[in-house]
A.B. asks: 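The structure follows.
Each chain gets a letter, A, B and so on, in the order its sequence line appears, and its residues count up from 1. Here the structure is a predicted model, which is why all the values come from computation and not from measurement.
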Protein chains: 2
Amino acid sequence: MSDPLASLPGYVLRRASSAALAGLNRRLAPYGLRHADVSLLLIVRDRPGITQSEAGRMLDIQRANMVPIVARLEAKGLLDRRRADGRSQGLYLSEDGEGQAAALRRDIDAYETALIARLPEALREHALPVLTALWQAADAEPEQG
Amino acid sequence: MSDPLASLPGYVLRRASSAALAGLNRRLAPYGLRHADVSLLLIVRDRPGITQSEAGRMLDIQRANMVPIVARLEAKGLLDRRRADGRSQGLYLSEDGEGQAAALRRDIDAYETALIARLPEALREHALPVLTALWQAADAEPEQG
DNA sequence: GGTGCATTGCTATGTGGCATAGCAGTAACC
DNA sequence: GGTTACTGCTATGCCACATAGCAATGCACC
């Protein structure tokens with residue numbers, strides 16, 4: 001099991017991420033939602049009236065790829081679109097959407113809490129700061145090779 | 001910028017992972033290799049003669065998905081296949097493969113080092129332990145909802 | 001107050017990672 | 001020696017993500 005890749009933070013990061021995502025998807029399956037859908041739902045819950053493009057920028061999802069996500073959530077009756085100006089539309093949770101979003105948030109929080117609880121105690125407090133810093137560090141990348 | 005998802009380790013983990021992967025892929029582009037190819041190359045370098053299935057298990061890649069990866073690396077002349085027994089084949093680096101693998105390893109190490117260096121100093125030492133523990137924690141998952 | 005430019009939501013399309021189902025050939029085990 | 005397990009493989013589909021281009025709209029600036 002002495003994996004030559006185990007010493008590479010980037011590789012371990014990727015493996016941890018995909019394992020965690022798989023776990024999350026198991027939780028999400030009963031809702032019939034994908035994790036991308038859920039992230040949008042939670043954003044809109046926090047910022048009612050946010051624009052599709054704005055939400056896309058926050059979630060780092062291209063405008064083109066927002067279309068099917070919004071359409072799916074609207075078709076499920078969780079999301080409403082209201083024209084904000086001639087070109088953009090504000091996103092709002094429907095009543096159903098509010099309920100689902102609250103339930104999802106509870107489930108996800110529970111999942112995340114359980115995940116962190118499974119870490120050795122000494123590492124727990126460092127988890128979120130490390131991840132946040134890594135996100136920032138990886139985003140703020142090179143520019144030059 | 002007060003993102004309601006920023007407090008969810010799983011979400012931050014995913015964002016960090018995809019940002020880091022994007023950076024890595026930029027490094028890998030000159031080689032014409034994908035990160036999955038590279039991980040296999042490094043595994044074979046560490047364990048010459050390893051079987052396709054064994055490598056797949058280490059990398060958590062399905063047998064079916066190993067096929068095109070091995071084929072690509074073989075077509076590039078980086079990897080050799082030698083029949084181990086009637087059904088399995090041992091994987092070995094070619095001379096070219098050895099060279100490429102060594103160069104890749106250097107590049108990737110440099111990339112990873114730079115990534116970690118961009119973290120606040122107080123967090124650096126915790127990064128790999130936290131990630132490793134998260135990987136393990138996410139893998140060792142629930143079983144029950 | 002009209003013109004050039006940026007933005008929005010969208011279609012169409014391609015790619016890469018990952019999953020499952022099924023198959024033929026081989027090995028291992030009783 | 002017959003069942004069971006494993007290997008490499010084909011075929012196929014899903015999802016996330018990317019790019020190019022479009023019509024409609026808003027905005028800034030002269």
A.B. asks: Would you tell me if any nitrogen or oxygen in the side chain of B:Q62 comes within less than 4.0 Å of OP1 or OP2 on C:dC18?
C.D. replies: no
A.B. asks: For A:A64 and for A:D85, locate the closest nucleotide of DNA chain C by heavy-atom distance; then report the residue assigned to the nucleotide nearer the 5' terminus.
C.D. replies: A:D85
A.B. asks: Can you confirm whether A:L8 sits close enough to B:R105 that some side-chain heavy atom of one is under 4.5 Å from a side-chain heavy atom of the other?
C.D. replies: yes
A.B. asks: Select base, sugar-phosphate, or nothing to describe what A:R57 touches, counting heavy atoms under 4.0 Å on all strands.
C.D. replies: sugar-phosphate
A.B. asks: For A:T51, answer base if it contacts any base atom (sugar-phosphate contacts may also be present), sugar-phosphate if it contacts only those atoms, and nothing otherwise; contact means non-hydrogen atoms under 4.0 Å.
C.D. replies: sugar-phosphate
A.B. asks: Does one hydrophobic cluster hold both B:L115 and A:L5, with members joined at side-chain heavy-atom distances below 4.5 Å?
C.D. replies: yes
A.B. asks: Does a sphere of radius 6.0 Å around CD in B:Q136 hold more than 12 heavy atoms from other residues, nucleotides or ligands, not counting ones at 6.0 Å or beyond?
C.D. replies: no
A.B. asks: Rounded to the Å, how far apart are A:Y11 OH and C:dG17 P?
C.D. replies: 13 Å
A.B. asks: With each end axis built from five pairs of C1' atoms, what bend angle do you get for the helix from C:dG1-D:dC30 to C:dC30-D:dG1? Round to 10°.
C.D. replies: 30°
A.B. asks: For the pair made of CZ in A:R63 and C1' in D:dA20, what is the distance, rounded to whole Å?
C.D. replies: 11 Å
A.B. asks: Counting only side-chain N and O atoms of A:H35, is one of them less than 4.0 Å from OP1 or OP2 of D:dA16?
C.D. replies: yes
A.B. asks: Could you check how far CG of A:L21 sits from C1' of C:dC18, rounded to whole Å?
C.D. replies: 11 Å
A.B. asks: Does a donor on one side chain and an acceptor on the other come within less than 3.5 Å for A:D107 and A:Y31?
C.D. replies: yes
A.B. asks: For A:R124 and A:L119, indicate whether the former's side chain and the latter's backbone hold a donor-acceptor pair under 3.5 Å.
C.D. replies: yes
A.B. asks: To the nearest Å, give me how far apart CG (B:N25) and C1' (C:dG17) are.
C.D. replies: 11 Å
A.B. asks: Is the phosphate of D:dC9 approached by B:R81 (side-chain N or O, under 4.0 Å from OP1 or OP2)?
C.D. replies: yes
A.B. asks: Distance criterion of 3.5 Å, no angle test: do you see the side chain of A:R87 paired donor-to-acceptor with the base of C:dG9?
C.D. replies: no
A.B. asks: If you check every side-chain atom of A:R34, which of D:dG8, D:dA16, C:dG9 has the closest atom?
C.D. replies: D:dA16
A.B. asks: Write down the distance between CD (B:E74) and C1' (D:dG8), rounded to a whole number of angstrom.
C.D. replies: 13 Å
A.B. asks: Whole angstrom is fine here: how far is it from CD in A:Q89 over to P in D:dT25?
C.D. replies: 12 Å
A.B. asks: If you pin A:D37 and B:V67 to their nearest nucleotides in DNA chain D, which one's is more 5'?
C.D. replies: B:V67
A.B. asks: Determine whether a donor-acceptor pair (N or O, by modelled atom type, separation under 3.5 Å) exists between the side chain of B:S17 and the backbone of B:L13.
C.D. replies: no
A.B. asks: Here's a test of your reading of the structure: between B:N65 and B:S53, which maps to the more 5' nucleotide of DNA chain D?
C.D. replies: B:S53
A.B. asks: Which residue lies toward the 5' end of DNA chain C, B:R72 or A:R83, if each is placed at its nearest nucleotide?
C.D. replies: A:R83
A.B. asks: So B:W135 and A:Y11, would you call those rings parallel, tilted or perpendicular, with 30° and 60° as cut-offs?
C.D. replies: perpendicular
A.B. asks: In whole angstrom, give the distance that lies between atom CD1 of B:I61 and atom C1' of C:dG16.
C.D. replies: 12 Å
A.B. asks: Across the strands shown, which category fits B:R14 at heavy-atom distances under 4.0 angstrom: base, sugar-phosphate, nothing?
C.D. replies: nothing
A.B. asks: Verify the neighbour count for atom CD of B:E74: are there more than 12 heavy atoms of other residues, nucleotides or ligands below 6.0 Å?
C.D. replies: yes
A.B. asks: Roughly, in whole Å, what's the span from CD1 in A:I69 to C1' in D:dA18?
C.D. replies: 14 Å
